[in-house]
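Read the structure below first, then the notes.
Both counts, for ligands and for their atoms, begin at 1 and track the order of listing. Numbers here simply count residues along the sequence, with the first being 1. The figures that follow rest on heavy atoms only: side chains count, while hydrogens, waters and symmetry mates do not.
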Amino acid sequence: MIEIQQLEKYYETTGERVHALKNTNLSINQGENVVIVGKSGSGKSTLLNMISGIDRPSSGSITVNGQNLNDLKENELALWRGSNIGIVFQFYQLLPTLSALDNVLFAMSLVNKIPTKERKAKATRHLEEVGLGDKISKFPNELSGGERQRVAIARAIANDPAIIIADEPTGNLDSKTGEQINNLFDKLNAEGTTILTVTHAHIDHVHYDKVIHIEDGILNEMMQPQTEAAL
Ligand code: ADP
Ligand code: MG
């Protein structure tokens, strides 16, 4: 689902060169639920921006859902991203003047993948799926942080993406609400969606198929702790 080979990313700012990702190789299979854990500044958001095509690598190749991103021009990348990747951010990034339902519908209209006639029913179903069936008409400022993040997740799945990437999705939520969001990701994953989350926080290993650490732009896959039953 995601294949990254020998990726390097440098940021060039005035007179300074930051080596944000170093010889990065990563392979994520369809249906996996993967987390990348690392401190602030270790390169997590940079990596997600490479995978979603928001930014380009300095060198190396990235293939996502069968598409080599090097082969796409900027305008093609934006459309490709909209129909292949659902993105969830720490601060939700909902449009404040739109209701929950309209936030999801707007994402559909940008990509034009879901037939117009089916959109409203489908968006409503996504909001029901995240437990907000009774709040589809609410505006973001009428919703709690956890509810806003649920709307963002409903929006992320609006165009039936092959993969969801989430950048610190529970970073602004209390631990109980964060756990509810993680359970929701588990549910989507059980339904077949590939999920890649990055976080600097302590993680609960039970949620993930694969745990990868990142430090100073270097990835390191960890062995999953064996459960007692498997020993
Ligand atoms: P994380 O998401 O793990 O906190 P980032 O990927 O945002 O880390 O940043 C990795 C490194 O790249 C940091 O040293 C950061 O300062 C640097 N960096 C990130 N974005 C830019 C940018 N647009 N220009 C210059 N340096 C950047
Ligand atoms: Mg970040």
Next item on the list: Give yes if a backbone or side-chain nitrogen or oxygen of Ser45 is under 3.5 Å from a nitrogen or oxygen of ligand 1, and no if not.
Entry: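 The answer is yes, given that Ser45 and ligand 1 share an N or O pair closer than 3.5 Å.
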Notebook entry, point to check: What about Ala20: any of its N or O atoms under 3.5 Å from an N or O on ligand 1?
Noted result: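 Ala20 vs ligand 1: no N/O contact under 3.5 Å.
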Note to self: So, 2.8 Å as the limit: is an N/O/S atom of Ser45 located closer than that to the Mg ion (ligand 2)?
What the structure shows: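 Coordinating: yes.
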Show the atoms of ligand 1 that are less than 4.0 angstrom away from any heavy atom in [X].
X	answer
Lys39	3 (O)
Thr46	5 (P), 6 (O), 9 (O), 10 (C)
Thr13	25 (C)
Gly41	1 (P), 3 (O), 4 (O), 8 (O), 10 (C), 11 (C), 13 (C), 14 (O)
Ser40	4 (O)

Next item on the list: Please determine if Arg148 forms a cation-pi arrangement with Tyr92, meaning its NZ or CZ atom is less than 6.0 Å from the six-membered ring centre and no more than 45° off the ring axis.
Entry: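 Because its charged atom misses either the 6.0 Å distance or the 45° angle limit, Arg148 does not stack over Tyr92.
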Note to self: Once you restrict to heavy atoms under 4.0 Å, what part of Val18 touches ligand 1? Side chain, backbone, both or neither.
What the structure shows: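 Within the 4.0 Å criterion, Val18 contacts ligand 1 through side-chain atoms alone.
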Checklist line | Part of His200 with heavy atoms under 4.0 Å of ligand 1, whether side chain, backbone, both or neither | finding: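 His200 to ligand 1: no contact under 4.0 Å from either part.
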Check: For ligand 1, is there an atom lying under 4.0 Å from some heavy atom of Gly38?
Finding: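 The answer is no: ligand 1 sits nowhere under 4.0 Å from a heavy atom of Gly38.
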Margin query: Any atom of ligand 1 sitting under 4.0 Å from a heavy atom of Glu12?
Written below: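 For ligand 1, residue contact (heavy atoms, under 4.0 Å) with Glu12 is absent.
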Notebook entry, point to check: Protein heavy atom under 4.0 angstrom of atom 15 (C) of ligand 1, is there one?
Noted result: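 Protein heavy atom within 4.0 Å of atom 15 (C) of ligand 1: absent.
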Decide whether [X] and [Y] meet the rule of one side-chain donor and one side-chain acceptor closer than 3.5 Å.
X	Y	value
Thr46	Tyr11	yes
Asn220	His213	no
Glu32	Thr194	no
Asn33	Asp209	no
Ser83	Asn159	no

Starting from [atom], locate the nearest protein heavy atom and write down its residue, its atom name and how far away it is, to 0.1 Å.
atom	value
atom 3 (O) of ligand 1	Lys44 NZ, 2.8 Å
atom 8 (O) of ligand 1	Gly43 N, 3.2 Å
atom 23 (N) of ligand 1	Tyr11 CE2, 3.7 Å

Check: Are the charged groups of Lys135 and Glu128 less than 4.0 angstrom apart, N to O?
Finding: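 No, this pair does not count.
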Find out whether [X] and [Y] are in side-chain contact, i.e. whether some heavy atom of one side chain is under 4.5 Å from a heavy atom of the other.
X	Y	answer
Asn65	Ile85	no
Leu21	Met50	yes
Ser59	Leu7	no

